[in-house]
Protein chains: 2
Amino acid sequence: MRKPYDRKNMPSESSEMYIQKIFRLTRKQSNASISEIAAALGFSLSTVSEKVKHLTHDGYLVHEWREHVSLSEKGQITACKTLRKRRLIETFLYKFAGYGLHEVHDEACRLEHVISERLADAIEGMLGFPKTDPHGHDIPSKKGILPERKLTTLYETADEKSVTVAALQTTDPELLKYINDMGLTPGIQCEVIDKAPFKGPVRIKVNDCILPLSVTMASLIEVVPAPCTNDKPVRNKQNNVKAPVAPIKS
Amino acid sequence: MRKPYDRKNMPSESSEMYIQKIFRLTRKQSNASISEIAAALGFSLSTVSEKVKHLTHDGYLVHEWREHVSLSEKGQITACKTLRKRRLIETFLYKFAGYGLHEVHDEACRLEHVISERLADAIEGMLGFPKTDPHGHDIPSKKGILPERKLTTLYETADEKSVTVAALQTTDPELLKYINDMGLTPGIQCEVIDKAPFKGPVRIKVNDCILPLSVTMASLIEVVPAPCTNDKPVRNKQNNVKAPVAPIKS
DNA sequence: ATATTGAATTTGTCTAAATAAAATATTATA
DNA sequence: TATAATATTTTATTTAGACAAATTCAATAT
């Protein structure tokens with residue numbers, strides 16, 4: 001089956017999805033199994049087994065031994081390039097197109113396979129070369145390098161300690177909407193009041209409001225001690241976005 | 001084959017391409033033949049024959065009689081919606097992303113099948129609700145209506161008459177680049193000096209420069225008499241584009 | 001040493017989109 | 001009216017991406 005437009009020697013959209021997902025999976029555990037990948041993508045084992053074979057043959061993956069699927073150098077770069085596109089698009093949608101934190105994911109997932117690197121660069125410029133996306137995730141460099149930033153979660157933060165929200169580790173729209181509505185977006189400062197024992201809820205203070213957070217919620221919110229390395233704090237009054245001002249060509 | 005992402009009940013990318021192409025073909029002649037469509041898309045006759053059957057079954061096309069393929073109401077709307085996306089994207093690429101007149105087509109062709117209507121709306125807003133794209137073509141309305149604007153070409157223009165360039169009827173990058181470099185972009189005024197007999201070249205004056213144009217070239221350039229209904233004239237000093245200014249969310 | 005189990009792979013099937021080659025239908029012409 | 005030319009449709013194949021069911025493989029547990 002031929003694509004309606006020419007992808008040159010780029011990996012197919014499907015391949016990019018596999019590669020990106022495996023990238024995610026192997027960030028923490030260094031290796032992934034076929035079944036993990038299948039579960040993560042929602043495909044059947046056979047489908048994934050077959051595809052992994054192809055991607056290995058094409059040099060994107062290394063499949064050493066049963067549960068030892070990982071990305072090759074080439075795969076890493078591919079993954080980072082796609083991820084860069086995705087995160088730049090998400091930032092664009094958020095900052096310029098009036099999308100909410102919980103709405104950027106779907107659109108970006110479709111666009112990331114389709115925009116050229118050139119357009120990604122242009123968008124990056126428009127956005128003023130952001131370091132992070134609206135969820136607080138680092139945007140990989142053009143060359144395909146994603147710096148490893150290890151963060152702690154709000155759940156792990158000691159009582160009475162003040163922190164800055166750095167990143168939100170979820171793509172679930174419901175959760176994101178809730179977090180956003182609480183005002184816990186990346187860049188915002190908050191203080192952990194206390195944690196109830198036996199995995200009980202965490203109480204935090206944001207903007208002089210005291211909010212209770214479930215363990216799951218608190219574990220999704222990654223923080224840094226005091227002054228944050230992220231881009232500037234972001235207020236999200238949705239549908240309150242002005243169009244960017246037209247440049248020279250007028 | 002299932003798409004990696006969900007297109008809901010939208011037509012496939014491939015279908016959108018057929019529909020759009022048939023839209024183009026039937027703007028002038030009201031009917032298209034299988035062979036015309038095949039030629040326009042660069043597909044084989046059998047492929048097109050088959051696909052036309054499907055699209056007819058799905059209610060996008062009406063295939064009355066041999067060479068009488070045309071769009072149904074539903075097909076018209078689909079075509080216009082895709083075309084609207086394409087032209088908004090082209091305008092965006094041109095005005096905000098530093099793309100040249102001859103470079104917008106490819107990127108837009110890929111993106112038009114993938115962006116949501118919502119994003120198209122957002123882009124439209126950013127651009128200040130443009131009426132025409134960088135080639136001077138009308139941008140269809142959100143509801144899927146493309147006004148018919150009948151224009152004359154530079155070739156048909158009488159000697160010594162002053163006109164405004166309205167639209168460029170080509171997607172060929174080479175030609176577009178050349179036209180752009182001559183400064184004959186939509187919105188620009190020029191004067192037809194004279195035409196050599198027997199389909200000879202046309203001489204025109206732009207910015208006090210006298211330029212000779214081949215018949216093919218002059219036939220591609222559509223014009224209106226004096227003051228143009230297009231958006232404001234556009235200077236295209238490429239790579240001279242400033243990033244749009246960031247809006248409220250900062 | 002042999003079941004049992006769980007993971008991975010193979011095999012066979014499906015669909016959408018494309019092709020080429022053969023068959024058929026329509027129109028125009030001698 | 002028969003025939004040549006042209007346009008269209010059918011038939012059989014291909015490829016990528018998916019699935020389910022059957023099978024193989026390796027590591028334990030008995």
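In what follows, chains are A, B, ... by sequence order, proteins preceding strands, each numbered from 1.
Between B:Arg84 and B:Glu112 the shortest side-chain heavy-atom distance does not fall below 4.5 Å. Between A:Ile221 and A:Leu168 the shortest side-chain heavy-atom distance falls below 4.5 Å.
A salt bridge does not link B:Arg118 to A:Glu107: none of the charged side-chain nitrogens sits closer than 4.0 Å to a carboxylate oxygen. The pair B:Glu50-B:Lys53 counts as a salt bridge, with a side-chain nitrogen and a carboxylate oxygen less than 4.0 angstrom apart.
Close to C:dA18, at under 4.0 Å from its OP1 or OP2, lies a side-chain N or O of B:Tyr18. Distances shorter than 4.0 Å separate some side-chain N or O of B:Trp65 from OP1 or OP2 on C:dT27. A sub-4.0 Å separation between OP1 or OP2 of D:dT10 and a side-chain N or O of B:Lys53 is present. A close approach under 4.0 Å does not occur between any side-chain nitrogen or oxygen of B:Thr47 and OP1 or OP2 of C:dA17. Within the 4.0 Å cut-off from OP1 or OP2 of C:dT9, at least one side-chain nitrogen or oxygen of A:Ser49 is found. Under 4.0 angstrom from either OP1 or OP2 of D:dT11 there lies no side-chain N or O belonging to B:Ser46.
Using a 4.0 Å heavy-atom criterion, one finds that A:Ser35 contacts the sugar-phosphate atoms exclusively.
Side-chain proximity of B:His63 to D:dT9, D:dA18, D:dT10: nearest is D:dT9.
Distance, A:Glu64 CD to C:dA8 C1': 16 Å, rounded to whole Å. The interatomic distance linking A:Leu41 (CG) with D:dG17 (P) rounds to 13 Å, in whole Å. To the nearest angstrom, P of D:dT9 lies 16 Å from NZ of B:Lys51. Distance CD1 (B:Ile37) to C1' (C:dA18): 16 Å, rounded to an integer number of Å. If you take NE2 of B:His68 and P of D:dT9, they are 13 Å apart, rounded to a whole angstrom. Between A:Glu50 atom CD and C:dT11 atom C1' there is a gap of 10 Å when expressed in whole angstrom units. The distance from atom CG of A:Leu45 to atom C1' of D:dG17 is 16 Å, rounded to the nearest whole Å. We find that CD1 of A:Ile34 is positioned 16 Å from P of D:dC25, with the value rounded to whole Å.
Evaluation of atom-type donor-acceptor distances gives no pair under 3.5 Å for the side chain of B:Ser44 against the base of C:dA20.
Between B:Ser15 and B:Lys51, the side chains place a donor N or O and an acceptor N or O closer than 3.5 Å (distance only, hydrogens not considered).
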